[in-house]
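Just so we're on the same page: letters track the sequence lines, and every chain starts at 1. These numbers were taken from a predicted model, which means no experiment stands behind them. Computed from heavy atoms alone, side chains included, the values below leave out hydrogens, waters and symmetry copies.
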Number of protein chains: 2
Amino acid sequence: MAAKGGGAQGKRPQRRVESVPSVQQGGSEPALSIERIVATAVELLDADGVDGLKMRRLAESLGAGAMSLYWHVDNKEEVFDLALDSVLEYRGPPPRGIEAAEWRGAIFHMLEDWRASMLRHPWSASLLPRRALGPNILNRLELLGRILSDAGVADADLNGAIWSLWNYVIGATITRANFDLSDDDMAAAQQRLAHLSEKYPTIERARLLLDNDWDGAFRKGLDFLLDGLVPRQ
Amino acid sequence: MAAKGGGAQGKRPQRRVESVPSVQQGGSEPALSIERIVATAVELLDADGVDGLKMRRLAESLGAGAMSLYWHVDNKEEVFDLALDSVLEYRGPPPRGIEAAEWRGAIFHMLEDWRASMLRHPWSASLLPRRALGPNILNRLELLGRILSDAGVADADLNGAIWSLWNYVIGATITRANFDLSDDDMAAAQQRLAHLSEKYPTIERARLLLDNDWDGAFRKGLDFLLDGLVPRQ
DNA sequence: ACCTGAACACCGTTCAAGT
DNA sequence: ACCTGAACACCGTTCAAGT
């Protein structure tokens, strides 16, 4: 419920140094590890959404006994936190200084990549605002802040600028991810709207629930925001 | 999971015309009704969040037998849909034509009221993008579309404009609602950040996780978006 | 038409126990 | 150190039954 920030490092071993790097003997599954757990959790989430992730199923998919997971993670919440952050890694443009003229492109690239990463894992966008801020998420925020700062945003305005962009990306992606899953539903909804009433003529005329250029709308809105946040000279 | 649009009118009676308007005899509870169910659901959600709403608890709070609810609603999903929409009613400015110069104020008023309504019920913002579009939500979208249209937005751009504003409001409110619940957590997170690393100097310097003027930032970003969507002459 | 309790099929998590 | 099954305390929902 609460937004717990900071690192996601648990009390349990993140790495074991002594163990041979997972030598697979026979057809048996490799040993459990946080990496394997997270990777499989992402697969299940991709396949069946947030509700599709159950601890028992996750263990089963890993070929492990039902309750083995609880040695590696504290609870299901932690699985969500780790899966979310694992999906948001950013390999951006080279980390060396961004030339003055390039800041706008750098921001666009990072935010569009962010959105694309989340749309590849449609469960992730709705999770992001409620969960812990893992290292990959913090990396993106740090990068965003640095670029904006380099682009000339005053320190006093920096938080406002970062959060405005965050809010916009989150909102656009959550909406898109949810509507994306249900083209049929949306068509049906638009149908029902037409039937339902003359109370919503504008929505109906605009066919609000259909035929949207989400990607274009996203870029346009982002342009507007950036124009406002960092006026072009 | 899917965004089911359209009305939320179930197959069950929305109103009973014949029954006396709920004459309460003695200390006994009035009869169950969708209205009472929804009102109590909102109370529980306000008190304990999305996870705090359980069908048994809801029935108990209504003084009804555990399973009586299922005659009135199909399932828990429907309770969410109804509770959400019930919280988003808009009594806006008088419905007569808005003068040309007033459109910006009208949009601001409606969207700030929307955000405020959701912040009063912090569970509602995260629910909005995933649930059915009830009549109150559709009303707001209709109104938004009408004002934008009157303000001069071309039909071809109308959907993009509506969704941009929707996305921004949703994103801003979800973020705010979640961070709002946990001032202590955020302070702790910022602490941990400082400890954690020199990897996030910008975030740390800006104290991103603290001291934010959320309301001001919301208005500012909204201004930028509107400037872009409907250029001032 | 409206309400009810018992019962079913789950779930997350704890715990004492194994190796 | 790592894994396990049995068991607990829940849930949403169905159903046959009441009035």
Side-chain angles (χ1 to χ4, degrees), chain A residues 1 10-25 28-38 40-41 44-45 48-83 127 131, chain B residues 1 10-25 28-38 40-41 44-45 48-83 127 131:
Chain A
M1 182 101 303
K11 315 101 204 177
R12 309 319 172 83
Q14 295 258 49
R15 335 202 155 273
R16 277 137 298 117
V17 199
E18 334 107 38
S19 70
V20 193
S22 165
V23 181
Q24 260 168 280
Q25 67 258 40
S28 78
E29 309 275 355
L32 280 182
S33 66
I34 307 202
E35 289 77 17
R36 281 191 67 225
I37 291 174
V38 172
T40 307
L44 291 182
L45 286 165
D48 297 316
V50 179
D51 295 334
L53 182 64
K54 282 109 193 243
M55 293 302 269
R56 288 178 222 262
R57 255 192 87 194
L58 179 53
E60 190 189 5
S61 298
L62 286 159
M67 300 295 102
S68 315
L69 300 175
Y70 285 93
W71 195 89
H72 297 272
V73 294
D74 282 343
N75 48 38
K76 194 180 175 181
E77 306 266 281
E78 192 178 336
V79 178
F80 278 129
D81 288 343
L82 294 170
L127 243 41
R131 304 240 53 94
Chain B
M1 183 102 303
K11 313 103 203 175
R12 306 322 169 83
Q14 295 257 50
R15 335 202 155 275
R16 279 136 296 114
V17 199
E18 334 107 37
S19 70
V20 193
S22 165
V23 181
Q24 260 169 278
Q25 67 258 41
S28 78
E29 310 275 356
L32 280 182
S33 67
I34 307 202
E35 289 77 17
R36 283 191 66 225
I37 292 174
V38 172
T40 307
L44 291 181
L45 286 164
D48 297 317
V50 180
D51 294 334
L53 182 63
K54 281 109 193 242
M55 293 301 269
R56 289 179 222 262
R57 255 192 88 194
L58 179 53
E60 190 189 5
S61 299
L62 286 158
M67 301 294 102
S68 314
L69 300 175
Y70 285 93
W71 194 88
H72 298 271
V73 295
D74 282 343
N75 47 40
K76 194 181 176 181
E77 308 266 283
E78 194 178 335
V79 178
F80 278 129
D81 289 342
L82 294 170
L127 243 42
R131 304 241 53 94

Please list, pair by pair, any protein nitrogen or oxygen found under 3.5 Å from a nitrogen or oxygen in nucleotides 16-19 of chain C.
none

Can you tabulate the close N/O pairs, meaning under 3.5 Å, that link protein atoms to atoms of nucleotides 11-15 of chain D?
from	atom 1	to	atom 2	distance (Å)
D/dC11	OP1	B/K54	NZ	2.6
D/dG12	OP1	B/K76	NZ	2.6
D/dG12	OP2	B/M55	N	3.1
D/dG12	N7	B/R56	NH2	2.6
D/dG12	O6	B/R56	NH2	2.6
D/dT13	OP2	B/Y70	OH	2.9
D/dT13	OP2	B/K76	N	3.0

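Ranking C/dC2, D/dT4, D/dC2 by closeness to the A/A64 side chain, first place goes to D/dT4.
Rounded to a whole Å, the CG atom of A/D51 is 15 Å from the P atom of C/dC10. Atom CD of B/E60 is separated from atom C1' of C/dC3 by 17 Å (rounded to the nearest Å). When rounded to the nearest whole Å, the span between CG of A/L62 and C1' of D/dT4 equals 15 Å.
Separation of atoms CE (A/M67) and CE (A/M55) is listed at 7.5 Å; rounding is to 0.5 Å. Atom CD1 of A/I37 is separated from atom OG of A/S61 by 12.0 Å, given to the nearest 0.5 angstrom. Rounded to the nearest 0.5 angstrom, A/H72 NE2 and A/E78 CD are separated by 11.5 Å. Going from atom NZ of B/K76 over to atom CG of B/L58 covers 9.5 Å, rounded to the nearest 0.5 Å. Distance check: A/I34 CD1 to A/L69 CG gives 11.0 Å after rounding to the nearest 0.5 Å.
In DNA chain D, runs of at least 3 consecutive Watson-Crick or G-U pairs, each pair with both distances below 3.5 Å, span C:4-8 with D:12-16, C:12-16 with D:4-8.
Under the side-chain contact (heavy atoms from CB on, under 4.5 Å) criterion, B/R57 pairs with B/L44, B/D48, B/K54, B/E60, sequence neighbours left out.
Residue A/H72 places at least one side-chain N or O under 4.0 Å from the OP1 or OP2 atom of D/dC3.
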